[in-house]
Amino acid sequence: MSLPPSRLPVAARDRILLDLESWLVRRFICQATAKNYNRFFTSLLTKVTGASPDADLADIVRSDLTRSAEATTNWPTDREFRTGWLTKPIYARSRPDRSAMVLRAIEQHMRTRFNEAVSLPDQLSVEHMLPQKGALEDYPYPLDMPYLDQESDAQCRARLIQTLGNLTLLTSELNASISNGPFPGKAAKVIGDSDLRLNAWLRSAPPLLWSERDILARGDRLFEIALQVWPRPSLEVEDVAPHSNLSSFSL
């Protein structure tokens, strides 16, 4: 779709792009189906191109994105977004670029005028802070494992290892040099070689252990940034405050 600035001002265009990105990213994080996307976006484009000359196109797009509660087209709320962010296994070996895209956006948003203007390398790889092949003696299960449903310890770990609270970005070279050994050694390597804001928190007080509870705590911190990167207009105030135990989560 190509429209002149008089019909689609820059501010309206930017709002449309932000809304569309938020809709898509939130649905990806919540692992919502994409099977109806062709029909949905064809219908949306028809409404935009057929709108009256005095209609606000950004309002039309936002209205269409927020009107449906159906699983195939809904725009996840903050609560739904947080549930997906903390509990859904986002990393997939077949498509690591998707989780990397989310982490890159978080990294960019974390940068401020106080940080050096260093551009991100084109290729950054996803690293699991709790290794996928970490030994149980190095990464013991916490006493209060945050189970969902009837998970075993191993099933809970296999799921949370792939969530965003356990993922970060490193250069491919640094990633390859880090072992699956105890967390202090891994953290020291990241502290020594990574300049990303995603990893800067490790410099203050790196934990001696890393477990499912740490994954959830870091996931909640990153989620507060995600709300700023991918906002959604809310029709009512939502309670998305952190909970101490996933077993009592309103997920």
Side-chain angles (χ1 to χ4, degrees), residues 1-88 90 98-112 163-165 197-198 216 218-243 246 249-251:
M1 180 177 65
S2 178
L3 296 173
S6 59
R7 186 66 188 95
L8 185 62
V10 172
R13 181 203 64 192
D14 289 348
R15 182 153 71 95
I16 288 173
L17 292 175
L18 178 61
D19 283 354
L20 287 173
E21 181 178 329
S22 173
W23 188 89
L24 288 165
V25 170
R26 285 179 177 233
R27 287 183 60 80
F28 163 63
I29 296 297
C30 294
Q31 298 185 353
T33 179
K35 67 179 183 180
N36 196 43
Y37 281 7
N38 286 344
R39 184 185 307 171
F40 179 77
F41 283 113
T42 298
S43 172
L44 179 59
L45 183 60
T46 300
K47 291 178 182 179
V48 169
T49 55
S52 61
D54 60 342
D56 187 319
L57 300 184
D59 284 346
I60 291 175
V61 172
R62 176 169 290 185
S63 176
D64 224 47
L65 294 178
T66 55
R67 68 180 173 79
S68 177
E70 296 181 8
T72 55
T73 55
N74 75 307
W75 191 350
T77 64
D78 289 353
R79 178 181 291 277
E80 292 166 334
F81 186 28
R82 180 170 179 265
T83 297
W85 189 272
L86 294 180
T87 68
K88 298 292 186 182
I90 298 302
R98 293 180 176 178
S99 50
M101 175 274 295
V102 173
L103 292 167
R104 287 179 73 96
I106 295 293
E107 166 70 21
Q108 293 281 17
H109 195 79
M110 292 176 74
R111 298 188 176 202
T112 70
T163 62
L164 285 156
R197 303 310 303 162
L198 269 171
L216 290 174
R218 179 171 177 266
D220 251 330
R221 292 195 298 270
L222 293 180
F223 177 71
E224 293 305 313
I225 301 170
L227 283 177
Q228 300 171 40
V229 180
W230 299 290
R232 176 194 187 277
S234 181
L235 301 180
E236 57 186 31
V237 176
E238 293 186 60
D239 172 20
V240 292
H243 295 250
L246 271 181
F249 241 28
S250 300
L251 290 178

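Heavy atoms only: backbone and side chains are in, while hydrogens, waters and symmetry mates are out.
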Check residues 28-40 and write down every donor-acceptor pair under 3.5 Å in which the side-chain atom is one partner and the other belongs to a residue at least two apart or another chain.
residue	atom	partner	partner atom	Å
Gln31	NE2	Pro89	O	3.0
Thr33	OG1	Lys35	N	3.1
Tyr37	OH	Arg27	NE	2.9

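With contacts defined as side-chain heavy-atom distances shorter than 4.5 Å, the pair Arg197/Ile106 does not qualify. Side-chain atoms of Leu65 and Leu20, non-hydrogen and from C-beta on, do get closer than 4.5 Å to each other. Considering only heavy atoms from C-beta on, Arg26 comes within 4.5 Å of Asp78 through its side chain.
Note that NZ of Lys88 and OG1 of Thr83 are 8.5 Å apart. Values are rounded to the nearest 0.5 Å. Separating the CG atom in Leu44 from the OG1 atom in Thr46 is a distance of 8.5 Å, to the nearest 0.5 Å. For the atom pair CG (Leu164) and CZ (Arg218), the distance works out to 8.5 Å, reported to the nearest 0.5 Å. Summarising the geometry, atom NE2 belonging to His109 is positioned 12.0 Å from atom CG belonging to Leu222; distances are rounded to the nearest 0.5 Å. Annotation: the span from Leu103 atom CG to Gln108 atom CD amounts to 12.0 Å, rounded to 0.5 Å.
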For side-chain contact (heavy atoms from CB on, under 4.5 Å), just list the numbers for Trp85 and Val102, CA-CA rounded to whole Å, side-chain angles, deciding distance to a tenth of an Å, and then say yes or no. CA-CA 11 Å; Trp85 189 272; Val102 173; 3.8 Å; yes

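For residues 52-65, the set of pairs meeting the side-chain hydrogen bond (donor to acceptor under 3.5 Å, both in side chains) definition, not counting sequence neighbours, comprises Arg15-Asp59, Asp19-Arg62, Lys47-Asp64, Ser52-Asp54, Asp64-Arg67.
The two residues Ala51 and Leu57 come nearest to each other via the heavy atoms CB-CD2, 3.9 Å. Shortest non-hydrogen contact noted between Trp230 and Ser22 is O-OG, 3.3 Å. Among all heavy-atom pairs drawn from Trp75 and Glu80, the shortest one is O-OE1, 4.5 Å. In this structure, Ile60 and Ala55 approach most closely via the heavy-atom pair CD1-CB, 3.9 Å. Among all heavy-atom pairs drawn from Glu224 and Gln228, the shortest one is O-NE2, 3.3 Å.
Applying the side-chain contact (heavy atoms from CB on, under 4.5 Å) rule to Glu70 yields the partners Ser68, Thr72, Thr73; only residues at least two apart in sequence or on another chain are considered.
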